[in-house]
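Worksheet: the structure to be examined is printed underneath.
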Amino acid sequence: MSVLLKGVRVALGERSYPILIGSGLLSDPERLAPLLRARTAAVISNDVVGPLYLPVLRESVQALGIRLVEIELPDGEKHKDWTTLNRIFDALLAARCDRRTPLLALGGGVVGDLTGFAAASYLRGVPFVQIPTTLLAQVDSSVGGKTGINHPLGKNMIGAFYQPQGVIADLDTLRSLPRREFCSGLAEVIKYGLIQDPDFFAWLEENMPRLLDRDADALAHAVGRCCEIKAQIVSADEREGGLRAILNLGHTFGHAIEAGLGFGQWLHGEAVSAGMLAAARLSAAMGWLSREEVERTWTLLEAAGLPTASPDLGTARYLELMSLDKKVEDGQIRLILLRGIGQAVVSADYPRSALEGVLEGFRSAA
Ligand code: NAD
Ligand code: GLY
């Protein structure tokens with residue numbers, strides 16, 4: 001039997017959809033049924049997640065009398081590319097999947113982003129359902145319709161905004177997640193407190209040990225609150241005309257760290273963690289954030305087992321890498337800064353010297 005712990009709706013008119021957060025959801029055909037109105041469905045997974053969770057999902061889908069086409073991809077960010085995308089198209093065509101065939105993304109953000117992009121373009125668009133199995137995917141990448149792949153010249157550079165029909169976040173799947181991956185997801189959880197919700201930030205300060213123990217109630221509260229915040233931001237600004245950019249707190253610094261060290265050295269959330277502290281320090285240099293608030297941010301990231309010291313790539317290299325960010329406009333690096341815990345702003349309105357001061361500081365911190 002499944003337990004639905006929280007339901008969140010992403011309000012986008014005709015393209016609105018539910019996020020179901022609970023336990024035992026994958027083994028309950030009735031939870032899946034409203035999202036699978038077709039004779040055939042295709043599940044896309046990878047060689048780590050598939051062996052763990054495909055058997056239970058297969059049983060539920062087949063209990064509904066639906067034929068399931070199974071597509072297994074190689075694991076890892078390095079496979080988030082054209083070659084792997086084409087493997088999905090090859091398999092869908094070979095199995096004669098048609099315009100009604102929903103694609104089910106069973107896995108973390110890599111599988112979700114690839115599957116979403118495949119769904120956006122296969123036969124000019126087929127339905128898809130996100131079934132995220134990492135903390136990062138449950139609180140961030142499965143919600144909001146950003147899909148895509150990497151290009152050798154940049155991360156997530158090719159893609160589409162394409163919303164799923166629904167998101168099924170089964171918290172049970174988080175039990176098998178390696179600790180380092182779990183902590184990486186916590187960076188995005190902390191992000192929501194920093195950008196929008198001081199009460200949630202304070203709750204995280206109190207409850208981080210429970211989250212690290214993967215306490216079911218604590219996880220349900222955290223995943224639920226993050227999805228509520230993301231749903232509200234996406235509903236207000238689906239295509240990132242303005243507000244949605246605040247979801248990128250710490251990411252401009254973080255992407256520079258990931259690229260500068262070589263993708264895969266630091267996990268995405270680890271780089272975002274150090275990046276959020278850099279953004280907090282720059283906000284403090286602007287007089288927008290108090291020393292105490294920077295200290296609280298540092299303490300919470302440390303408590304979550306995340307890095308807070310950025311690697312010393314050199315100021316010039318950081319500036320070069322940060323200027324490749326998708327938020328750059330007319331050569332200006334726009335950053336997400338904080339005017340208090342829970343209050344993020346998008347700003348290019350900071351002295352260059354203040355940014356350089358923060359980057360110089362990495363030399364002593366690293
Ligand atoms: P990931 O998909 O690579 O998963 C991390 C690792 O955990 C992989 O090895 C995966 O196979 C494994 N795994 C997944 N679920 C598991 C489970 N339940 N038990 C054991 N192992 C499991 O990485 P991620 O952190 O989930 O996602 C990162 C990706 O998400 C990046 O490509 C990033 O660009 C993207 N992303 C997209 C958005 C968006 O809005 N679309 C937002 C944030 C990040
Ligand atoms: N992860 C950032 C966004 O969805 O906009």
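Just so you know, these numbers use all the heavy atoms, side chains as well, and skip hydrogens, waters and symmetry mates. Worth saying up front: this structure is predicted, and the values here are computed from it rather than measured. Just follow the structure's listing: the first ligand is 1, and inside any ligand the first atom is 1.
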*Subset of ligand 1 atoms that lie under 4.0 Å from at least one heavy atom of T173*: 17 (C), 18 (N)
*Considering heavy atoms of the protein only, find what lies nearest to atom 38 (C) of ligand 1 and give residue, atom and distance to 0.1 Å.*
S141 CB, 3.2 Å
*Return yes when E188 approaches ligand 1 closer than 4.0 angstrom through a heavy atom, no otherwise.*
no
*For S290 and E293, does a side-chain donor sit closer than 3.5 Å to a side-chain acceptor?*
yes
*Classify the contact between V143 and ligand 1 as side chain, backbone, both or neither, using a heavy-atom distance cut-off of under 4.0 Å.*
neither
_Checking the side chain of S2 only, and the main-chain atoms of D28 only, is there a donor and an acceptor separated by less than 3.5 Å?_
no
*When only distance counts, is K230 in polar contact with ligand 2, meaning an N/O pair under 3.5 Å?*
yes
*Of all the atoms in ligand 2, which lie at a distance below 4.0 Å from a heavy atom belonging to K146?*
2 (C), 3 (C), 4 (O), 5 (O)
*Please verify whether a non-hydrogen atom of K230 lies at under 4.0 Å from ligand 1.*
yes
*asked:* Under 3.5 Å, is there a donor on one side chain and an acceptor on the other for N156 and K146?
replied: no
_Any nitrogen or oxygen of D140, side chain or backbone, less than 3.5 Å from one on ligand 1?_
no
_Only heavy atoms of R244, strictly under 4.0 Å: list the atoms of ligand 2 that pass._
3 (C), 4 (O), 5 (O)
*asked:* Checking the side chain of D197 only, and the main-chain atoms of D199 only, is there a donor and an acceptor separated by less than 3.5 Å?
replied: yes
*Can you sort out which atoms of ligand 1 are near Y53, meaning under 4.0 Å from one of its heavy atoms?*
18 (N)
*Just do the side-chain hydrogen bond (donor to acceptor under 3.5 Å, both in side chains) check on W298 and T308 with the steps written out, would you?*
CA-CA 7 Å; W298 182 89; T308 46; 3.2 Å; yes
*Work out which heavy atom in V294 is nearest to a heavy atom in L277; give both atom names and the distance.*
O-CD1, 4.1 Å
*Answer yes if the side chains of T83 and N86 hold a donor-acceptor pair under 3.5 Å, and no otherwise.*
no
*asked:* Out of T134, D170, V234, who is nearest to atom 26 (O) of ligand 1 when you count heavy atoms only?
replied: T134
_How far is atom 15 (N) of ligand 1 from the closest protein heavy atom, and which atom is that?_
T133 OG1, 2.7 Å
*Who's the nearest protein heavy-atom neighbour of atom 1 (N) of ligand 2, and how far?*
D140 OD1, 3.1 Å
*asked:* Starting from atom 9 (O) of ligand 1, what is the nearest protein heavy atom, named by residue and atom, and what distance separates them?
replied: D75 OD2, 2.8 Å
*Pairs flagged by salt bridge (charged side-chain N to carboxylate O under 4.0 Å, His left out) wherever residues 167-176 is involved - sequence neighbours left out*: D172-R175
*Atom indices of ligand 1 within 4.0 angstrom of K80 heavy atoms, with elements*: 31 (C), 32 (O), 33 (C), 34 (O), 35 (C)
*Out of K155, H268, K146, K78, whose heavy atom is nearest to atom 34 (O) of ligand 1?*
K155
*State, without any angle test, whether T315 and E360 hold a side-chain donor-acceptor pair at a distance under 3.5 Å.*
yes
*Near L52, which atoms of ligand 1 are under 4.0 Å from a heavy atom of that residue?*
19 (N), 20 (C)
*Is the Y318-F253 ring centre distance short of 6.0 angstrom?*
no
*asked:* Residue-level breakdown please: for L177 versus ligand 1, do any non-hydrogen atoms fall below 4.0 Å on the side chain, on the backbone, on both, or on neither?
replied: both
_For atom 2 (O) of ligand 1, the option (of N150, V110, L136, V139) bearing the nearest heavy atom_ = V110
*What protein heavy atom sits nearest atom 35 (C) of ligand 1, and how far away is it?*
D113 OD2, 3.4 Å
*Quick one: does N46 get an N or O within less than 3.5 Å of an N or O on ligand 1?*
yes
*asked:* Taking L267's backbone N and O only, do any of them form a donor-acceptor pair with E270's side chain (distance below 3.5 Å, no angle check)?
replied: yes
*Using a 4.0 Å heavy-atom cut-off, say whether E181 meets ligand 1 through its side chain, its backbone, both or neither.*
side chain
*Which residue holds the protein heavy atom closest to atom 12 (C) of ligand 1, what is that atom called, and what is the gap in Å?*
V48 CG1, 4.3 Å
*So which heavy atom in the protein is nearest atom 17 (C) of ligand 1, and how far is it from that ligand atom?*
S176 OG, 3.5 Å
*Are any of the N or O atoms of G109 closer than 3.5 Å to those of ligand 1?*
yes
*Protein contact of atom 13 (N) of ligand 1 - nearest heavy atom, named by residue and atom, plus distance*: V49 CG2, 3.7 Å
*asked:* Please list the nearest protein heavy atom to atom 31 (C) of ligand 1 with its residue and the distance rounded to 0.1 Å.
replied: E77 OE1, 3.2 Å
*Does NZ or CZ of R214 fall inside the cone over F182's six-membered ring, less than 6.0 Å from its centre and within 45° of the axis?*
yes
*Under 4.0 Å from ligand 1, counting heavy atoms only, is it the side chain of L267, its backbone, both or neither?*
neither
_By side-chain contact (heavy atoms from CB on, under 4.5 Å) - contacts of V48 (at least two apart)_ = N46, D75
*Do H268 and E77 have side-chain N/O donor and acceptor atoms under 3.5 Å apart?*
no
_Taking 4.0 Å as the limit for heavy-atom contacts, which would you say applies to N156 with ligand 1: side chain only, backbone only, both, or neither?_
side chain
_Heavy-atom distances under 4.0 Å decide this one: backbone, side chain, both or neither, for V234 against ligand 2?_
neither
*Side-chain donor-acceptor contact under 3.5 Å, Q165 with Q130*: no
*Is it the case that Y162 and S121 place a side-chain donor and acceptor less than 3.5 Å from each other?*
no
*asked:* Pair E258, Q265 - check side-chain hydrogen bond (donor to acceptor under 3.5 Å, both in side chains), show working.
replied: CA-CA 7 Å; E258 284 184 272; Q265 293 298 311; over 6 Å; no
_Check: L136 main-chain N/O paired with D140 side-chain donor or acceptor under 3.5 Å_ = no
*For L247, atoms of ligand 2 separated by under 4.0 Å from a heavy atom*: 2 (C), 3 (C), 5 (O)
